[in-house]
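Everything on this sheet refers to the single structure shown next.
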Amino acid sequence: MSEPLVTIEKLHKSFGDLHVLRGIDFSVDVGEVVCVIGPSGSGKSTLLRCINLLERPESGTVHVAGVEITDIDCDIDAARRQIGMVFQQFNLFPHLTATENCTVAQETVAKRSKAEARRIAQEMLERVGLADKVDQYPAKLSGGQQQRVAIARALCMQPALMLFDEPTSALDPELVGDVLTVMRQLAEDGMTMLVVTHEMAFAREVADRVVFMDDGVIVEQGRPDEVIGSPQHDRTRSFLRRVLDPTHVQPT
Amino acid sequence: MSSRAKQAVTDTIQPKRKLSPRKRAQRIRWIQYTLLVAIAVAAALAADWGQIVDVFFRPSLISRAVTSGLFNALVNTLVYTAGGFVLGLVAGTILALMKLSQVGPYRWMATAYIEFFRGLPAIIIFIGFALLPLAITGLRIPFPPYGTAWLALGIVASAYTAETVRAGVQAVPRGQVEAARSLGMSPFTANRKIVLPQAFRIVLPPLTNELILLVKDSSLIYIIGLTIAAAELTTFGRQLANTTANLTPLVVAGFCYLLITVPLSAIVRRMEASTEKAR
């Protein structure tokens with residue numbers, strides 16, 4: 001058994017009085033696709049943002065590819081190059097074209113030549129199906145196209161791990177499929193992925209493992225058919241009932 | 001219902017309504033127009049046009065102003081303003097980043113500087129610079145008198161641009177920094193490549209407004225005492241007006257300011273309109 005790519009131990013995070021993560025122990029293997037599901041406010045996004053230290057946890061450790069991210073001596077900028085991140089709101093750079101969005105970090109961080117950065121950007125934009133949009137500014141692109149540029153931008157840094165923070169939650173329903181298809185291909189190509197999502201179909205079909213979080217702890221995890229198909233805990237069952245059958249929910 | 005009965009009903013509902021509100025508004029507007037025209041005509045008849053033209057627009061003095069170095073003064077105004085603005089923009093940007101810094105002392109220093117120089121009348125700063133060489137013997141500011149003018153204008157401009165640029169930086173969504181940092185950019189690179197370019201785009205209209213203010217503030221340089229060759233528009237117009245005991249040179253100089261500021265404010269309006277559209 002090889003070393004896991006991501007190892008999280010006893011992670012705690014609070015925002016003021018709000019204890020968002022209450023002791024998370026968790027790991028992701030190389031090539032594994034893990035979907036994190038759970039009600040809003042359960043700490044899923046915070047967990048993801050602790051992995052590349054966009055949020056600084058109070059206690060506990062995060063290791064990614066053998067590097068302790070939470071160590072004060074860690075070169076966080078170097079470590080983040082290994083970790084691609086895709087945001088709910090895309091966060092494309094609006095003053096740069098699709099290609100420039102993909103090249104800016106390659107040139108400034110990875111110190112690649114202009115030509116090489118362009119070549120890689122081109123390749124990644126093709127991979128997400130946007131070969132014809134390379135010179136467009138984000139404002140001219142649909143939400144689904146913007147999110148795919150954001151995925152290409154992260155891939156250009158050739159990360160070992162990709163984090164997805166509700167990547168389809170801000171999209172119109174008919175555009176969700178484009179993004180999920182790109183993510184499925186990425187999974188099939190062997191990328192290690194940690195996906196916070198409400199797309200149960202994606203979790204069921206693509207994930208190797210589904211993690212259900214509630215109230216800052218991992219309630220249960222396992223194969224998708226186990227967690228989504230026959231959940232063991234009441235909290236998981238009631239959450240899934242609400243998500244999968246939203247027209248028959250008792251309002252609380 | 002017979003037509004007479006109908007008439008009776010309307011009479012009871014509207015007992016002698018004179019004018020509809022819209023008609024009344026129309027009448028009032030006509031009265032205002034008539035009044036305005038009457039005032040203009042009265043003023044035109046009362047004015048001594050000969051004297052007005054002689055004092056403010058004497059043709060011989062207009063041509064004398066143009067031939068005796070007006071263009072040189074205009075160029076000097078532009079040079080003083082441009083130098084001061086560039087200096088102010090660089091210093092203002094540094095101050096803005098200091099004010100947004102996580103490091104307390106940087107914030108305090110920037111706040112103190114901005115509050116101090118924004119709170120002082122610009123003329124006091126110029127008087128200060130005029131007296132500085134007297135107060136500190138051996139002090140030499142390079143490129144006299146341009147260096148002194150640039151420094152004084154730059155200090156005035158920096159305090160204002162700092163606040164403008166800070167507002168621009170804060171208007172850039174947090175997600176932009178997060179995206180940049182998550183790609184491995186250092187805070188410095190993220191600022192230089194992602195945040196500041198967007199911030200400057202946002203504050204381009206207010207920055208241009210500050211440029212307009214600085215064009216006018218450049219007239220205060222007369223306080224440090226300028227030779228004819230270094231004179232800007234106000235100094236030039238004032239000296240010529242003094243020697244000729246006529247206001248025409250000052251009017252000409254004033255018109256030159258408008259040549260600079262009116263196109264600039266037109267540019268601001270266009271930029272504001274286009275950002276409005278982009279939304």
Side-chain angles (χ1 to χ4, degrees), chain A residues 45 48-56 69 75-96 100-112 117 137-140 146-147 149-159 161-165 170, chain B residues 89-90 92-94 96-97 100-104 161 164-208 267-268 270-279:
Chain A
S45 289
L48 209 64
R49 291 162 62 86
C50 282
I51 293 175
N52 67 354
L53 218 65
L54 284 182
E55 304 294 350
R56 207 172 282 274
I69 303 283
D75 178 356
I76 189 63
D77 293 334
R80 279 176 176 149
R81 285 177 54 183
Q82 300 286 313
I83 310 170
M85 177 130 187
V86 175
F87 299 85
Q88 182 176 354
Q89 298 297 339
F90 328 137
N91 294 350
L92 286 185
F93 306 133
H95 61 303
L96 303 177
E100 288 164 349
N101 262 279
C102 294
T103 55
V104 62
Q106 292 191 67
E107 286 168 20
T108 57
V109 180
K111 306 289 179 208
R112 290 180 191 143
Y137 282 92
K140 297 273 179 208
Q146 288 191 45
Q147 192 60 298
V149 173
I151 294 172
R153 175 176 72 179
L155 290 177
C156 282
M157 301 307 284
Q158 285 148 345
L161 166 72
M162 285 285 285
L163 306 174
F164 292 85
D165 188 4
Chain B
L89 201 58
V90 173
T93 305
I94 294 170
L97 293 178
L100 293 168
S101 164
Q102 313 241 342
V103 184
T161 46
T164 308
V165 173
R166 180 191 58 76
V169 169
Q170 285 181 318
V172 176
R174 242 189 92 66
Q176 293 289 311
V177 182
E178 290 184 350
R181 295 301 308 276
S182 74
L183 287 164
M185 288 189 205
S186 64
F188 179 77
T189 308
N191 259 327
R192 189 169 59 91
K193 286 285 181 182
I194 305 303
V195 177
L196 286 179
Q198 292 184 58
F200 276 114
R201 229 156 280 212
I202 294 169
V203 298
L204 209 52
L207 271 185
T208 314
I267 291 172
V268 173
R270 269 180 72 175
M271 285 190 297
E272 279 170 348
S274 68
T275 47
E276 199 75 20
K277 239 186 284 170
R279 253 171 223 160

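Chain letters run A, B, ... following the sequence lines, proteins first, then strands; residues in each count from 1.
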Checklist line | Part of A/L92 within contact of chain B (heavy atom distance under 4.5 Å) | finding: backbone
Next item on the list: Pick whichever of B/I194, B/T189, B/V172, B/V177 has the most heavy-atom pairs under 4.5 Å with chain A.
Entry: B/I194
Next item on the list: Could you tell me which portion of B/A180 (side chain, backbone, both or neither) has an atom closer than 4.5 angstrom to a non-hydrogen atom of chain A?
Entry: both
Next item on the list: Say whether, by atom type as modelled, one donor and one acceptor occur between the side chain of A/H95 and the main chain of B/K193 under 3.5 angstrom.
Entry: yes
Notebook entry, point to check: Under the 3.5 angstrom rule, does the side chain of A/N91 hit a backbone N or O of B/A179 as a donor-acceptor pair?
Noted result: no
Check: chain A heavy atoms under 4.5 Å from B/S186: which part of the residue, side chain, backbone, both or neither?
Finding: both
Notebook entry, point to check: Taking all atoms of both residues into account, what is the closest heavy-atom pair of B/G184 and A/R81, and its distance?
Noted result: CA-CG, 4.3 Å
Margin query: Quick check for you: to the nearest 0.5 Å, what is the distance between A/L96 atom CG and B/Q198 atom CD?
Written below: 7.5 Å
Check: How close do B/L183 and A/M157 get, heavy atom to heavy atom, and via which atoms?
Finding: O-CE, 3.6 Å
Notebook entry, point to check: Is there side-chain contact between A/P94 and B/R201, with heavy atoms separated by less than 4.5 Å?
Noted result: no
Notebook entry, point to check: Quick one: does B/E178's side chain have a donor or acceptor within less than 3.5 Å of a partner on A/F87's backbone?
Noted result: no
Next item on the list: Please state whether the side chain, the backbone, both or neither of A/R49 comes within less than 4.5 Å of a heavy atom of chain B.
Entry: side chain
Check: About how many Å separate CG of A/D77 and OG of B/S182, when rounded to the nearest 0.5 Å?
Finding: 11.0 Å
